[in-house]
Amino acid sequence: MSLLKKYKLALIIVCLLLVGGFALTSYVYQNEEPMSEKSISFKGNISGFIKASLNERSVVVLKARVTSVRLGGVQLERVVSIQYNENENLNFENINVGDIIVIKGGYLGYDDLFEEYKLINCIILKDE
Amino acid sequence: MFYIFTLMKARFILFFLFYVSLISAQKYATRSGQTSFIGSEETFEQIKAINKVSTAIVDSSNGNIAILLFVSAFKFEIALMEEHFNENYMESSKYPKATFVGNIQDFKYEELTNTENNYDIVGVLAIRGIEKSVTISGRMQKTEQGISLKTNFIILTEDYNIKIPKVVRNKISKKINIKVEYELIEKI
């Protein structure tokens, strides 16, 4: 009976260690939330975006005209440079200068060298 | 407080003047430069990250160079590591940008070839609002689209007041290895 109690206690400790280890590993290795699921801090057009006081890493949704297209990203209305999300985005191939697009991305800040605002990890949304 | 404000203003004017001088000259630029670092000792999970949206402009007439990167654009393999990097070590909401302004010594665009040449790049590296004069050894070559710039160098965490808690002191190196790979194209 006493031996059974000892085994029971050891079993409980092992189980607790396993659960704890699993919880810790899950916490450390948790995946970043996909851009498509992140909550939005700002939604609107470029002029509203420029006026808004946004914190870095804020998630924004912008509707704007494409003013240049380059490898890995586009420029919107000459003042916002966006870089595509490498994992989620699939629809940037057919974007041309003059198109009006709706994108969702992470705000980085104002780039003094290129005099433009920067967004990264952008995905394209269907026009709403 | 007034002194800090004046200092910040002076730095901004210096950066602005440097930038204006670049506008009027022939220049090569990138918006998607890759800056990466390894900041760990031999640990189970290596502390490394890459920033693929570094911007840089080189004035080909005199070798002046300016680099700007957003600290929060560094991507880690582990999301939690990225969070700690931004919030605890780099305080990226307070110091969102790192910059380098300098000159590529003895740079002559006409002398660039398709093979790498070594150059000393002298300038001021600003991280977390702290400016340090540095000399970096860089490798440059002509490419089909413009200029390739590569360099590896080391910075010390203590130079930029990056505080490492005792708990992880044996995991995070005091010397951070930085690798830069920029493909600059002619800016019209």
Side-chain angles (χ1 to χ4, degrees), chain A residues 21-35 37-38 41 53-60 66-76 78-89 92 97 103 105-122, chain B residues 11-12 14-20 22-23 27 29-34 44-45 50-59 65-84 86-87 90-101 126 145 183 185 187-188:
Chain A
F22 178 74
L24 185 70
T25 310
S26 304
Y27 174 69
V28 171
Y29 291 94
Q30 60 188 307
N31 288 327
E32 191 186 352
E33 195 180 10
M35 181 55 73
E37 290 170 22
K38 284 186 177 177
S41 301
S53 57
L54 295 163
N55 295 322
E56 53 134 23
R57 305 175 94 188
S58 299
V59 175
V60 302
V66 175
T67 45
S68 81
V69 177
R70 58 177 182 274
L71 191 68
V74 299
Q75 192 186 46
L76 303 175
R78 300 190 189 282
V79 288
V80 177
S81 174
I82 71 165
Q83 198 203 36
Y84 309 147
N85 186 306
E86 290 172 357
N87 305 321
E88 290 182 61
N89 183 65
F92 275 102
V97 173
I103 58 100
Y107 175 66
L108 275 185
Y110 185 74
D111 184 329
D112 307 279
L113 283 183
F114 282 86
E115 295 182 310
E116 61 190 13
Y117 297 89
K118 273 195 146 174
L119 298 180
I120 54 166
N121 298 326
C122 295
Chain B
R11 273 173 47 200
F12 175 77
L14 195 72
F15 192 76
F16 181 76
L17 286 175
F18 186 86
Y19 174 69
V20 167
L22 285 175
I23 288 175
K27 53 201 180 293
T30 181
R31 284 183 173 89
S32 52
Q34 299 199 1
F44 179 66
E45 277 298 346
I50 185 163
N51 179 321
K52 293 183 179 178
V53 287
S54 310
T55 54
I57 298 182
V58 170
D59 179 343
I65 178 169
I67 297 170
L68 182 151
L69 60 84
F70 289 93
V71 173
S72 61
F74 275 103
K75 290 298 297 175
F76 288 72
E77 279 171 23
I78 298 171
L80 189 67
M81 223 181 246
E82 191 172 311
E83 196 179 307
H84 287 172
N86 282 301
E87 289 172 11
M90 296 302 287
E91 298 178 274
S92 62
S93 56
K94 197 172 170 187
Y95 309 106
K97 297 170 191 175
T99 60
F100 176 81
V101 177
Q145 293 190 314
E183 298 298 327
I185 56 169
K187 193 167 188 279
I188 302 160

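All chains are named by letter (A, B, ...) in the order of the sequence lines, taking the proteins before the strands, and each is independently numbered beginning at 1.
Within the 3.5 Å criterion, the main-chain N or O of B:Val53 finds a donor-acceptor partner in the side chain of A:Lys118.
Ranked by non-hydrogen atom pairs under 4.5 Å with chain A, the options B:Ala29, B:Ser92, B:Pro96, B:Ala56 are led by B:Ser92.
For the atom pair B:Asn51 CG and A:Leu108 CG, the distance stands at 8.0 Å (nearest 0.5 Å). The distance from atom NZ of B:Lys27 to atom CG of A:Leu113, rounded to the nearest 0.5 Å, is 11.0 Å.
Of all heavy-atom pairs between A:Tyr110 and B:Lys97, the closest is O-NZ, 2.8 Å. When all heavy atoms are compared, the tightest approach of A:Asp112 to B:Leu68 is OD2-CD1, 3.5 Å.
Taking 4.0 Å as the cut-off between side-chain N and carboxylate O, B:Arg31 and A:Asp111 do not count as a salt-bridged pair.
Taking A:Tyr107 as the reference, A:Phe49 meet the ring pair (Phe, Tyr, Trp, His ring centres under 6.0 Å) condition, with sequence neighbours excluded.
No more than 12 heavy atoms of other residues, nucleotides or ligands lie within 6.0 Å of CG in A:Leu71, so this atom counts as exposed by the packing criterion. Counted within 6.0 Å of CZ on A:Arg70, heavy atoms from surrounding residues, nucleotides or ligands total more than 12; the atom is thus considered enclosed.
Using a 4.5 Å cut-off between heavy atoms, A:Ile120 touches chain B through its side chain atoms alone.
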Please tabulate, for side-chain N and O atoms in residues 69-82 of chain B, each donor-acceptor pair with protein atoms closer than 3.5 Å (sequence neighbours left out).
residue, atom, partner, partner atom, Å
B:Ser72, OG, A:Glu56, OE1, 3.0
B:Lys75, NZ, A:Glu32, OE1, 2.4
B:Glu82, OE1, B:Phe76, N, 3.1
B:Glu82, OE2, A:Arg57, NH2, 3.4

